[in-house]
Amino acid sequence: MHHLYQIQAQIITNPIPSVEPNRIAVKLIGVCAAHGNMRHGELIFTHYLTSPNIFVCNALLKAFAQNNDWRSTVCYFNYQLVLPNAPDPDEYTFTSVLKACAGLAQAAEGEKIHSLVTKYGCESNLYVKNSLIDLYFKVGCFGIAQKLFDEMDVRDVVTWNTLVSGYCLSGHIDKAKGVFETMAEKTLVSWSTMISGYAKVGNLEEARRLFEEMPERNVVCWNAMIAGYAQNEKYADAINMFRRMQQEGGLAPNDVTSVSVLSACAHLGALDWGKWIDRYIRRKKMELGLSLGNALADMYAKCGCITEARRVFDKMQERDVISWSIIIAGLAMHGNANEAFGCFKEMIAHSVKPNEITFMGLLTACTHAGLVDKGLDYFHMMAPAYDIVPKIEHYGCVVDLLSRAGRLDEAEKLINSMSIKPNVIVWGALLGGCRKYKDAERGERVVHRILELDSEHSGSYVYLSNIYTSMGKFKDAARCRLRMRDNGVMKLPGCSWIEVDNTVYEFFMGDRSHPQSEKIYLMIKELRLKMKLAGYKPKTDIVVHSIDEEEKEDALSVHSEKLAIAFGLISTSEGTTIRIVKNLRVCNDCHDATKIISKIVRREIIVRDRSRFHHFKDGRCSCNDYW
DNA sequence: GTAGGGTTAG
């Protein structure tokens, strides 16, 4: 980048008489675009050129379009139209601006440009036609796109690819497949388009089949496959694909690959892999742009390293709403509510406008710290101050906030006053409060509302049966459980992960499938003995189905996180921090047990559950038992 | 000109 400034300075102080300034500007803008520094490219255009010609105008538009800055592309195009001495747009101009319009999915603007294409006689150009087809697909006008395609006398492979991509984007995957199969010539782009098309509709088997079948592969199709897995919650598959890419592909992962893999790591809590990518990024000196920086910060936050997340965030050159939202949500997950609020203030000071997701972060920060009124303040601030209409997720959070604090009346009133139809999650949050504060009457009412919406809501059945049991209505409780079984209701099985030596091990409740299972159970037995000596009493009252005390205790001791912790203890060296990720919320008993275990074995144990992080150390937890 | 990427309640 440095030499660019030198060249530029030289031109300004010492213009080369024989060279037209526009020619130099075209080159400079090209360099700026390649470096992603369009602020500078814009400067060259606006400040150092007295009479830009068509070449330099096109170079600018192309540069913006290349950097996905579609708004600027359209903006400068419109500017060119109204400027008195500006050159007329040509087919190069239109390809750039049509791409930008497609990116913005602006139908009205697109139609306006289409008419200009005709006016300036560029409609017979193949590039322009291909761009028009793409545009019409992206604004949802399949009919017009197909008609333009049908009317063409000459089509190239890009024309066909555009058609396939258009049908994929609009969800007409079968139509896309039909076109794809009739194509005489297929390029890497054709295959990648189909692969990502299948991935987008969740058909990973078909995506994979095409991937295995294709004659050659580049980074993009590997990325499409990895991203497909990551976006369909098959995070382990995404990472496995990434491993395979390195083993057999002979291709270097790029920033897009890293973003997908980091997202998978974040979801799995696979810190070792995440750190590996971080080192890779540094080794390859990849630029920490918005996407990559955000993905990296989010990975660290979700893997329990909030300090590291903050370090990445601070190092980023540019930060957008997403960056701020990630860091706020990260702090919230770790229970650092005040820091999250501080970050929000900082964000506003940097004049970044918060979005709905930012507020989710703030609200969860309040939930995890039990700051009810602060949460209500944020909730009521959204619409008037920031023009964000609260969505069902925000209501869910606030109902949760009120319910946990025992303000059940307010919570129920809020639900009944909602302009959106409350869903199972909102009611479920209230049900949680009813359980905690033993409000059986309200609880029954809520259960009925939930079962109206979802007859397979396992939590409701379990709750109802517990209520009946505690009231001594054993027959009702039994009937409830029977109904649950008859409806085929299954509780989501508890599952925990632990990463040891770059491998993610998965444990289910009562799991005995692990090769070291015997050792694990021996460890649990030993721990249970030591815990008893330390005065720990299992909280057996939460176990519904068994009667026998001994049996209840057994059921508790094989919760998946206990298995994962036991495995962690036998397979890592003394003093190492143990990191567990869990798909459900950690139960009361496991929470107590883990606190004591951390003291007995003198280890820090970090558990990420469904909603937050618990840092167990020396018999205490960072959540202060509020979760 | 056509393919691949980041944040969202329980």
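Throughout, protein chains are lettered first and strands after them, A, B, ... in sequence-line order, and every chain is numbered starting at 1.
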Query raised in the report: Counting any heavy atom closer than 4.0 Å, what does A/S291 reach on the DNA or RNA strands: base, sugar-phosphate only, or nothing?
Result: base

Query raised in the report: So does A/K200 get a side-chain nitrogen or oxygen closer than 4.0 Å to the phosphate oxygens (OP1/OP2) of B/dG4?
Result: yes

Query raised in the report: Counting distance only, does the side-chain N/O of A/S403 pair as donor-acceptor with the main-chain N or O of A/G433 below 3.5 Å?
Result: no

Report task. Looking at every strand, decide which applies to A/L262 at a 4.0 Å heavy-atom threshold: base, sugar-phosphate, or nothing. Result -> nothing

**Report entry** A/K99 side chain, from C-beta outward: closest of B/dT2, B/dA3, B/dG5
**Finding:** B/dT2

Query raised in the report: Counting side-chain heavy atoms from C-beta on, which of B/dT7, B/dG4, B/dT2 comes nearest to A/N254?
Result: B/dG4

Requested in this report: Give A/I392 one of three labels, base, sugar-phosphate or nothing, depending on what nucleic acid heavy atoms sit under 4.0 Å from its own.
Outcome: base

Report summary line: Which of B/dG10, B/dG4, B/dA9 is nearest the side chain of A/A224? It is B/dG4

Requested in this report: Given salt bridge (charged side-chain N to carboxylate O under 4.0 Å, His left out), test A/E123 with A/K129 step by step and report yes or no.
Outcome: CA-CA 7 Å; A/E123 53 187 342; A/K129 272 204 173 144; over 6 Å; no

Report task. Check the distance between B/dT2's P and A/F180's CZ and give it to me in whole angstrom. Result -> 18 Å

Requested in this report: With sequence neighbours excluded, tell me which residues meet side chain to side chain contact (heavy atoms under 4.5 Å, CB included) with A/M360.
Outcome: A/E393, A/H394, A/C397

Report task. Looking at every strand, decide which applies to A/T193 at a 4.0 Å heavy-atom threshold: base, sugar-phosphate, or nothing. Result -> sugar-phosphate

Report summary line: Of the listed B/dG5, B/dT2, B/dT7, the closest approach to the A/V256 side chain comes from B/dG5

Report task. Write down the distance between CD1 (A/I327) and P (B/dT8), rounded to a whole number of angstrom. Result -> 13 Å

Requested in this report: Indicate whether OP1 or OP2 belonging to B/dG4 is found under 4.0 Å from a side-chain N or O atom of A/S196.
Outcome: yes

**Report entry** Rounded distance (Å) that lies between atom P of B/dG4 and atom CE of A/M286
**Finding:** 19 Å

Query raised in the report: Taking atom P of B/dG4 as reference, at what distance in whole Å does atom CE of A/M214 sit?
Result: 13 Å

**Report entry** Value in whole Å for how far the C1' atom of B/dT7 lies from CE of A/M333
**Finding:** 10 Å

Query raised in the report: Rounded to the Å, how far apart are A/K436 NZ and B/dG10 P?
Result: 13 Å

Query raised in the report: Which part of the nucleic acid, if any, lies within contact of A/L296, taking any heavy atom under 4.0 Å across all strands shown: a base, the sugar-phosphate backbone alone, or nothing?
Result: nothing

Report task. Look at all strands and tell whether A/N423 reaches a base, only sugar-phosphate, or nothing, counting heavy atoms closer than 4.0 Å. Result -> base

Requested in this report: Just call it for A/A227: base, sugar-phosphate, or nothing, with non-hydrogen atoms closer than 4.0 Å on any strand.
Outcome: sugar-phosphate

Report task. Name the closest nucleotide to the A/K391 side chain, picking from B/dT2, B/dT8, B/dG10. Result -> B/dT8

Requested in this report: Check whether more than 12 heavy atoms from other residues, nucleotides or ligands sit under 6.0 Å from atom OH of A/Y437, and answer yes or no.
Outcome: yes

**Report entry** Results of side chain to side chain contact (heavy atoms under 4.5 Å, CB included) for A/I348 - residues two or more places apart only
**Finding:** A/F344, A/P354, A/Y386

Query - Residues that A/A264 engages under side chain to side chain contact (heavy atoms under 4.5 Å, CB included), provided they are two or more places apart - result: A/Y235, A/A238, A/I239

**Report entry** A/F149 CZ to B/dT2 P, straight-line distance once rounded to whole Å
**Finding:** 16 Å

Report task. State which of B/dG5, B/dA3, B/dG4 makes the closest approach to the side chain of A/V259. Result -> B/dG5

**Report entry** Qualifying side chain to side chain donor-acceptor pair (under 3.5 Å) pairs, either residue in residues 316-329 of chain A, two or more places apart
**Finding:** A/N294-A/D320, A/N294-A/S323, A/D320-A/S323, A/S325-A/T358

Query raised in the report: Mind checking what makes side chain to side chain contact (heavy atoms under 4.5 Å, CB included) contact with A/K284, not counting sequence neighbours?
Result: A/Y280, A/M286

**Report entry** Closest listed nucleotide, where the reference is the side chain of A/V189 and the choices are B/dG5, B/dA3, B/dT7
**Finding:** B/dA3

Report task. When you get a sec, tell me which of B/dT7, B/dG10, B/dA3 is the closest nucleotide to the side chain of A/S165? Result -> B/dA3

Report summary line: The nucleotide from B/dT2, B/dT7, B/dG10 with an atom nearest the side chain of A/I425 is B/dG10

Query raised in the report: So what does A/K186 hit on the nucleic acid, given a heavy-atom distance under 4.0 Å: a base, only sugar-phosphate, or nothing?
Result: nothing

Report task. Give one of base, sugar-phosphate or nothing for A/S611, where a contact means two heavy atoms less than 4.0 Å apart. Result -> sugar-phosphate

Report task. Specify the residues of residues 354-370 of chain A, ordered by number, for which at least one heavy atom lies under 4.0 angstrom from an atom of DNA chain B. Result -> A/I357, A/M360

Report task. Give the nucleotide from the list B/dT2, B/dG5, B/dA3 with an atom nearest to the side chain of A/V220. Result -> B/dA3

